[in-house]
Asks: 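This structure is in structure tokens; I'll ask about it shortly.
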There are 4 protein chains.
Amino acid sequence: MAEPVTRGIRPATEEAVFAATLDALADRGYGALTIEGVAARSGVAKTTIYRWWPSKAALVIDAIAPVFASVNPVAPEAGSDLRADLQAAVRRVVDGFQHRLEGIVLAGLVADLARDPETAAAYRERIVRPRREAVTRLLEAWQARGRIRPDADLDLVQDLYVGPIYYRSLVTGAPVDDGFGDALVDAILAHVALPAGEGG
Amino acid sequence: MAEPVTRGIRPATEEAVFAATLDALADRGYGALTIEGVAARSGVAKTTIYRWWPSKAALVIDAIAPVFASVNPVAPEAGSDLRADLQAAVRRVVDGFQHRLEGIVLAGLVADLARDPETAAAYRERIVRPRREAVTRLLEAWQARGRIRPDADLDLVQDLYVGPIYYRSLVTGAPVDDGFGDALVDAILAHVALPAGEGG
Amino acid sequence: MAEPVTRGIRPATEEAVFAATLDALADRGYGALTIEGVAARSGVAKTTIYRWWPSKAALVIDAIAPVFASVNPVAPEAGSDLRADLQAAVRRVVDGFQHRLEGIVLAGLVADLARDPETAAAYRERIVRPRREAVTRLLEAWQARGRIRPDADLDLVQDLYVGPIYYRSLVTGAPVDDGFGDALVDAILAHVALPAGEGG
Amino acid sequence: MAEPVTRGIRPATEEAVFAATLDALADRGYGALTIEGVAARSGVAKTTIYRWWPSKAALVIDAIAPVFASVNPVAPEAGSDLRADLQAAVRRVVDGFQHRLEGIVLAGLVADLARDPETAAAYRERIVRPRREAVTRLLEAWQARGRIRPDADLDLVQDLYVGPIYYRSLVTGAPVDDGFGDALVDAILAHVALPAGEGG
DNA sequence: TCCTAAACGAGACGGTACGTCTCGTCTTTCA
DNA sequence: TGAAAGACGAGACGTACCGTCTCGTTTAGGA
């Protein structure tokens, strides 16, 4: 009945490793992060880290997932204004790239995802899905109110703003700011929005 | 008056290096590519490679640029159908990710771009810009014909399809096919297209 | 109370490295010896060798010290004949240059000693001192018996035979044989020997 | 009958190379001297240096030979005092090791001699022989006067002081000064000197 | 005065070893 | 039994010189 006394890694060890990982990421970025370095920073033996995480990418995903979850409190309920709701969702992503872990971590992490399907799956599950689900619920609420076309592809909608933000950040280096975010919202609404019904 | 016999790297050497690089990329991807390996494959001394390219990323960019330029013969002239023209442009990008170098190379390369501004600039200059310029010219032609809103941001238009394609390929792993491409075109046209004028 | 099972380098590793080093020295001499080659020969990783020895010279000194110590069983006790004792000491050095490691190793090693004081100190400590001390004890015994001048500089005595042997071997290429050794002994005795006392 | 138009290296080139070589030796020593560096310092192409000298050792020997010849004006004539003459000869060697090129160059050079008999021969011919011959003539003069044993081996005499000086300098690091030189002279004279004859 | 053969400068190149870095595995000790 | 400690094999890194080579370009003597 009782939980096992210890289940896998000891909480204190895990905590130390996560702290060291986030520290190192903030310091030097994903590319410069090494397991060796995390071991040194955390005081945890390299062996131990290898026992619980199969790769640097997996470690980083585990370390940042709780941070991402708590820092971006995701869209709560549908508000009174479709455009405003969507802008808020987009700005969260924009913010992440402007001054948070996200920009630092993503480029390198993405490269590793391409090489390891399991880690890619973990990334989607731990980082991508929670956010998308919240947004999907929001969009569904607006769909239910008749303000978004019933046949609209809600995944596509999200790709339409997340994709360009990633792309500018990682590839073109063009500015990613609220103005850009709002332009993306305009484009999306032109595609999927319906006018406010008169009878509703 | 005659040109110097050799200036900089010898053409035969460069060719061997590029061939080996493309070979290695096709074989094992960007992450697994090493300068050492390219040297071995090409029969060119490691020293020589380091003499002419400051990094793996720079080498890869130089190696793939001509391929990208020739393989994707870019949009020529505006055709008779705006939607068809745009679909063609989008399909070129989709194709690249489906079964060509692009998908193999990009994830890893993007990670390196984030760490070295000079290489990032080279990438934009050699790979990104040529393609974007051709598409921009195409869109301008349609703008001139009055079929694209005169105030439309043509860079945004391109971000709206390239971004999601990159994002799906590198992050979510969702399918990137012509259906997806066409959906992107629909979204873009909803935003920027004007109806065909009656007077022509 | 028990000693730790391993402390520092593992004995098996060290042994393999020493064997490969001596092998390589015998094969090609000091100048042609490379850490890389020793690693290959011994099956020990290059990294491991660099972990335990700071330089080629340090490695060679460690490798040859036990050989030199065991191969030249050094002067034991003073015998009955001063000249014979001294001749034996000199012949050991001559022998070393004639057909042993010494001649092969020394020239190159000496060059490196000149550039690194720490290594030079190690060489003196590990190779030179043991031999000199044995000879010094021998000479002191003869001094006590009144057959060597009480004010004789016993270090100078040793320099007077070791120096010319080194010099001929390394510089002039003149023959170094027992005849030469005996001539050196004659010169030394002319300088420091006293006639056998009548009362002895 | 006329001399060939140009035969061999141009004097200006040779001079530049020698100057750069001596410079580099004085700066960093023999071990750190590279052909590449001499080429850079001298403004002479690396190819040119390789055309005229087969190895670093050969180059250095050629560069230092005239310096050694001029700097140490060697024993002229026998003087009035055997001991003083011998001391002067010894001091020249001691001086060389104390504050001249000799100490800087010799250790490294000696290592290379051991590996290349031709260079070793050149070294003996260009550097060693001139000095030894002068000393040999000096000793022969004293032999003729009956102050050195007629059967004395004059080569051995020279080995008896040059050897220990080399040995101390290169191996033991013990001080090499005039006191040491004089002690060597004492030992030598004990071996080979005859008392001044009364009858002449 | 021009011709011609050499010496020369320039620098690309293949090659070897350097000494360092990080990886991921492993063995052993300790709590 | 799990963590700490750390030795180890593996292999790429980027650098330094090596010695060779192929090219023009001086540079002087001799026709």
Asks: Tell me: CZ of A:Arg41 to C1' of F:dA4, nearest whole Å?
Replies: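 That distance rounds to 20 Å.
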Asks: Assess whether a salt bridge exists between B:Asp23 and B:Arg41, defined as any Lys/Arg side-chain N lying under 4.0 Å from an Asp/Glu carboxylate O.
Replies: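 Answer for the salt bridge query: yes.
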Asks: Does A:Trp52 have a side-chain nitrogen or oxygen under 4.0 Å from the phosphate oxygens OP1 or OP2 of F:dG2?
Replies: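 Checking A:Trp52 against F:dG2: no side-chain N or O falls below 4.0 Å of OP1 or OP2.
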Asks: Give a yes/no on whether any side-chain N or O of A:Arg51 is located under 4.0 angstrom from OP1 or OP2 of F:dA3.
Replies: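 For A:Arg51, the contact criterion (side-chain N or O under 4.0 Å from OP1 or OP2 of F:dA3) is met.
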Asks: Which nucleotide in the list F:dG9, E:dG9, F:dA7 gets nearest to the side chain of C:Val44?
Replies: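 The closest nucleotide is F:dG9.
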Asks: Looking at residues at least two apart in the chain, or sitting in another chain, which of them share a side chain to side chain contact (heavy atoms under 4.5 Å, CB included) with D:Ala45?
Replies: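 Listed in chain order: D:Thr47, D:Thr48.
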Asks: Considering residues, nucleotides and ligands other than B:Arg51, do more than 12 of their heavy atoms fall under 6.0 Å from its CZ?
Replies: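 Result for CZ/B:Arg51: enclosed.
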Asks: For a quick check, tell me whether the side chain of A:Thr48 and the base of F:dG2 share a donor-acceptor pair closer than 3.5 Å.
Replies: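 Not at all, since no donor on one side and acceptor on the other fall under 3.5 Å apart.
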Asks: For residues 9-47 of chain B, which residue pairs qualify under ring pair (Phe, Tyr, Trp, His ring centres under 6.0 Å), counting only residues two or more places apart or in two chains?
Replies: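 Qualifying pairs: B:Phe18-B:Trp53.
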Asks: Rounded to the nearest Å, what distance is computed from the OH atom of residue A:Tyr50 to the P atom of nucleotide F:dA5?
Replies: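 Nearest whole value for this atom pair: 17 Å.
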Asks: Atom CH2 of D:Trp53 to atom C1' of E:dA7: distance rounded to whole Å?
Replies: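 For the pair D:Trp53 CH2 and E:dA7 C1', the rounded distance is 13 Å.
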Asks: Side chain to side chain donor-acceptor pair (under 3.5 Å) with A:Glu125: which residues, sequence neighbours excluded?
Replies: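 Listed in chain order: A:Arg129.
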Asks: Can you sort out which residues in residues 27-40 of chain C have a heavy atom within less than 4.0 Å of DNA chain E? Ascending by number, please.
Replies: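 Those residues whose heavy atoms fall under 4.0 Å from DNA chain E, taken from residues 27-40 of chain C in numerical order, are C:Thr34, C:Ile35, C:Glu36.
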Asks: Starting at the 5' end of DNA chain F and moving along, which residue's nearest nucleotide shows up first, D:Lys56 or A:Ala45?
Replies: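 The answer here is A:Ala45.
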Asks: Record whether the side chain of A:Thr47 comes under 3.5 Å of the base of E:dG24 through a donor-acceptor pair of N or O atoms.
Replies: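 Under the 3.5 Å cut-off, the side chain and the base do not form any donor-acceptor pair.
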Asks: Please give, in whole Å, the distance from E:dT20 P to C:Ile49 CD1?
Replies: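 The distance from CD1 of C:Ile49 to P of E:dT20 comes to 14 Å, rounded to the nearest Å.
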Asks: Tell me the interatomic distance from C:Arg10, atom CZ, to F:dA7, atom P, rounded to whole angstroms.
Replies: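 Answer to the nearest Å: 9 Å.
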Asks: From C-beta outward on C:Ile9, which listed nucleotide comes closest to its side chain: E:dC23, E:dG9, F:dC8?
Replies: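 So the side chain of C:Ile9 is nearest to F:dC8.
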Asks: Take the protein atom CD of C:Glu14 and the nucleotide atom C1' of F:dA7, then report the distance between them rounded to whole Å.
Replies: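 Between C1' of F:dA7 and CD of C:Glu14: 13 Å.
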Asks: Kindly point out which of F:dT27, F:dC18, F:dG6 is positioned nearest to the side chain of D:Lys46?
Replies: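 Given the options F:dT27, F:dC18, F:dG6, the side chain of D:Lys46 is closest to F:dC18.
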Asks: If you look only at pairs with a residue in residues 100-119 of chain D, which of them pass as a ring pair (Phe, Tyr, Trp, His ring centres under 6.0 Å), with sequence neighbours excluded?
Replies: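 Listed once each, the pairs would be none.
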Asks: Restricting to salt bridge (charged side-chain N to carboxylate O under 4.0 Å, His left out), what partner residues turn up for D:Lys46, sequence neighbours left out?
Replies: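 D:Glu36.
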